[in-house]
Amino acid sequence: MSIKYIKNELYIEGLSAAQLAKLCGTPTYVYSKKLILNNFNNYKKAFKNDIVCYAVKANSNQTLLKILSELGAGADIVSGGELFKALRAGIDPQKIVYSGVGKTAEEITYAIESNILMFNIESYEELCEINKIAKKINKTARISFRINPNVDPDTHKYIATGKHGTKFGIKYEDALDMYTAASKMSNIEIVGIDTHIGSQILKVEPYRLAAVKIAKLIDRLEKENIILKYIDIGGGLGIKYENSQKPPKPAELKKAVMSVFGKYKNKTLIVEPGRSIIGDTGVMIGRVLYRKKSGNKNFLIVDIAMNDLIRPTLYDAYHNIIPVKKTFKKQIIMDIVGPVCESGDFMAKDRKFPLLEQGDLIAVECIGAYGSSMSSQYNSRKRARGVIIDGKKIIHIRRRDTFEDLLRLEENLEKIS
Ligand code: LLP
C-alpha cells in the first residue's frame, strides 16, 4: 500500500488521508484495490496450476470477495455464513474447501448441496456425520483429512495449530486408520489431504517439514490404493507488521513445498492464504479524542477501539501507527488506547509517539486481515465504515452502523411459545 508523506501530509494511494477522514468520518477502514490485485496475482503466478483458496475469515467483505472472485480465487471457509458469502460473491464452488473442527449438520448439508470441492475433516465423528448426511440426501461428499503434522510454526500460541495438543486436525499417527475407515463408507469420496500449521509464519521451513510428513502419508496411502488428487498446504504466510520482519514470498513457499511434493505429477496443490493477501492492503484512520496521564503513564485516547481492531489486545500484536500530519513534536512513551471500558483496550503499549493534540488524525497500518472481520459492537459501538481506493475513486464497501443497527436484532421479536 502506498502510504507516504507529501509536504508533511499523509497520502494513502495518492489520496490525502485528512481528506479521506473528512469524507468518510473516523474510524474508517481504508483498503487499496491495487495492492489486493498485486498480492493475489503474486500467489497466482507462484501457484499457476494450483488452486488459491482465499481464507475468507481474514476479511469477508462482499466487495473484497468479489474482487478476488473475479481474479479467479477459490475460498477456504469455516462456516455456513462464509460459504454463503463466498457463493454470493461468485466464487466457484468447485474451488471451495471447508475447514473447521465444528461443522454443524445444517452447514454440512448446505455445503454438500452447494457441491463444494471438499471438506477438510478434523475428527472421526465429523467423518461419520458427513457420510450420514450425504447418504440421507443421496449425494457423495468429497473429503480430505486435515492432518496435524506436529510441527512448530514458531508463532503466537493462539494462532499455532500444527502441534499436537491443539484442537485442530487428525493426529498424524491416526491418519491411516481414518483414511481406511473413510474408504469403506458408502457416500464418501476421498480426494485429498490437508494441513494448516498456523498463522503469521515468517519462515518456510515449518511448511517444508510439514510437507515431508504429509508426503510420507501420501506414499503410505498409495500403497493401500488410496490415491489422492489434492494436497492442501493450508495458509498462514506472515506479513510485515514490523520493519524487522521479512516474510517469505508466495514463490518461496511454493518452492519449499515443491522440494517435497514435486515428485507427484498428477496432484493439484491447494493453498489457503488470508492475511498475506489482504493484511497489508488496509489502514484504519482514526482521531485523537483526549490526552491524559495516570501515575507515570501517558495515554493518548483515540476513537479506534478493540471492537474495531482486537489484534493488539488478543495477541499482543504490533501495528504501526503514524500521525496523518507529520509532526516534529517531541516523542514520548505512551499507550494509545480506545474508548472501550477495559484495560485491555489498546492499540499500542509503551510506544514512542509524538504527543498529538485533540482532533489530530492517526493511521493504523496493516489492518486488512482480522480487523473488520473480528470487529464487534462491544460497548454498543457502531462498527466502522469501510472504503476501498480504486485508482482515484473512493468506493464505499461497508457503511457505518447506525444506532438503529444496534437494535435491529433485538426488536419486533416473534413469541417462542
Ligand atoms: N486455513 C485455515 C484452516 C485457517 O484456520 C486459517 C486461519 C487460514 C487458512 C488462513 O491463515 P492466514 O493465511 O490468514 O494466516 N485472528 C488471528 C489469525 C487467526 C487465523 C485463523 N486461521 C490474527 O489476527 O492474527
Side-chain angles (χ1 to χ4, degrees), residues 36 39-40 42-43 47 51-60 64 68 73-79 82 86 96-103 117-122 126 144-149 153-163 166-170 192-204 206-207 210 231-242 245 247-250 253 269-282 284 306 308-319 347 364-376:
I36 297 173
N39 287 349
F40 187 78
N42 279 342
Y43 264 101
F47 289 82
I51 308 178
V52 183
C53 292
Y54 168 67
V56 174
K57 65 173 81 66
N59 193 321
S60 59
L64 305 184
L68 290 165
D76 163 59
I77 57 157
V78 290
S79 70
E82 287 191 351
I96 297 182
V97 296
Y98 191 170
S99 312
V101 296
K103 306 171 184 86
L117 181 64
M118 67 183 188
F119 289 91
N120 290 332
I121 293 184
E122 308 220 14
E126 182 192 335
S144 89
F145 285 102
R146 173 171 173 179
I147 307 300
N148 185 328
D154 192 16
T155 185
H156 189 279
K157 64 176 186 299
Y158 285 2
I159 50 177
T161 53
K163 285 273 290 174
T166 71
K167 68 176 176 180
F168 297 101
I170 303 278
I193 192 159
D194 166 53
T195 189
H196 169 76
I197 54 175
S199 198
Q200 185 53 13
I201 299 170
L202 292 167
K203 292 181 208 131
V204 293
Y207 287 99
I231 307 174
D232 183 342
I233 61 168
L237 211 57
I239 62 168
K240 186 171 173 170
Y241 287 107
E242 298 187 52
Q245 293 172 325
K249 300 198 165 50
L253 170 61
L269 219 56
I270 296 176
V271 62
E272 304 170 349
R275 188 192 317 267
S276 49
I277 285 182
I278 209 76
D280 61 357
T281 72
M284 187 157 218
M306 64 191 279
D308 306 301
L309 180 69
I310 203 171
R311 302 196 68 257
T313 307
L314 209 50
Y315 318 109
D316 256 326
Y318 179 93
H319 283 265
M347 295 298 118
V364 182
E365 294 189 73
C366 283
I367 53 73
Y370 309 108
S372 80
S373 65
M374 294 180 82
S375 69
S376 74

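FYI, the numbering just counts along the sequence from 1. Counting convention: from 1, in listed order, for ligands and their atoms alike.
- Within the 4.5 Å cutoff, side-chain heavy atoms of Asp280 are placed close to those of Asn39.
- Per-residue contacts place Arg275 under 4.0 angstrom from the following atoms of ligand 1 (heavy atoms of the residue considered): 12 (P), 13 (O), 14 (O), 18 (C), 23 (C), 25 (O).
- Proximity of a side-chain donor or acceptor of Tyr370 to a complementary backbone N or O of Ile310 within less than 3.5 Å is not detected.
- Residue His196 touches ligand 1 through its side chain alone, judged by heavy-atom distances below 4.0 Å.
- With Gln200, Glu122, Lys57 as candidates, the residue nearest to atom 6 (C) of ligand 1 on a non-hydrogen basis is Lys57.
- Taking 4.5 Å as the limit, some side-chain heavy atom of Gln245 sits within range of a side-chain heavy atom of Gln200.
- In terms of polar-atom proximity, defined here as any N/O pair under 3.5 Å, Tyr370 does make such a contact with ligand 1.
- Here's the thing with Tyr315: one of its N/O atoms is less than 3.5 angstrom from an N/O atom of ligand 1.
- Contacts of Ala55 with ligand 1, taken as heavy-atom pairs under 4.0 Å, involve the side chain alone.
- Partner Leu237 forms a side chain to side chain contact (heavy atoms under 4.5 Å, CB included) with one of Pro273, Pro247, Ser276 and no other, that one being Ser276.
- Between Met374 and ligand 1, no pair of N/O atoms sits closer than 3.5 Å.
- Those atoms of ligand 1 with a heavy atom of Gly274 less than 4.0 angstrom away are 12 (P), 13 (O), 14 (O).
- For the pair Phe47 and Ile233, the minimum side-chain heavy-atom distance is below 4.5 Å.
- In this structure, the side chain of Glu272 does not engage the main chain of Cys53 through any donor-acceptor pair within 3.5 Å.
- You'll find the side chain of Glu122 stays beyond 4.5 Å of the side chain of Asn120, heavy atoms only.
- The proximity of Arg311 to ligand 1, defined as any non-hydrogen pair under 4.0 Å, is limited to the side chain.
- For the pair Lys57 and Asp76, the salt-bridge criterion is met [side-chain N within less than 4.0 Å of a carboxylate O].
- Ligand 1 has no N or O atom lying under 3.5 Å from any N or O atom of Pro273, backbone or side chain.
- Near Arg146, with a cut-off below 4.0 Å to any heavy atom, the atoms of ligand 1 are 3 (C).
- When the heavy-atom distances from atom 12 (P) of ligand 1 to Pro312, Ala369, Gly236 are ranked, the shortest goes to Gly236.
- At a 3.5 angstrom cut-off on N or O pairs, Asp76 counts as close to ligand 1.
- Counting only N and O atoms by type, the side chains of Arg275 and Ser199 include a donor and acceptor under 3.5 Å apart.
- Within the 4.0 Å heavy-atom cutoff, Ala58 does not count among the residues contacting ligand 1.
- Looking at heavy atoms from C-beta onward, Asp232 lies out of side-chain contact with Ser144 at the 4.5 angstrom threshold.
- Close approach of ligand 1 to Glu272 (heavy-atom distance below 4.0 Å) involves ligand atoms 1 (N), 2 (C), 3 (C), 8 (C), 9 (C), 10 (C), 13 (O).
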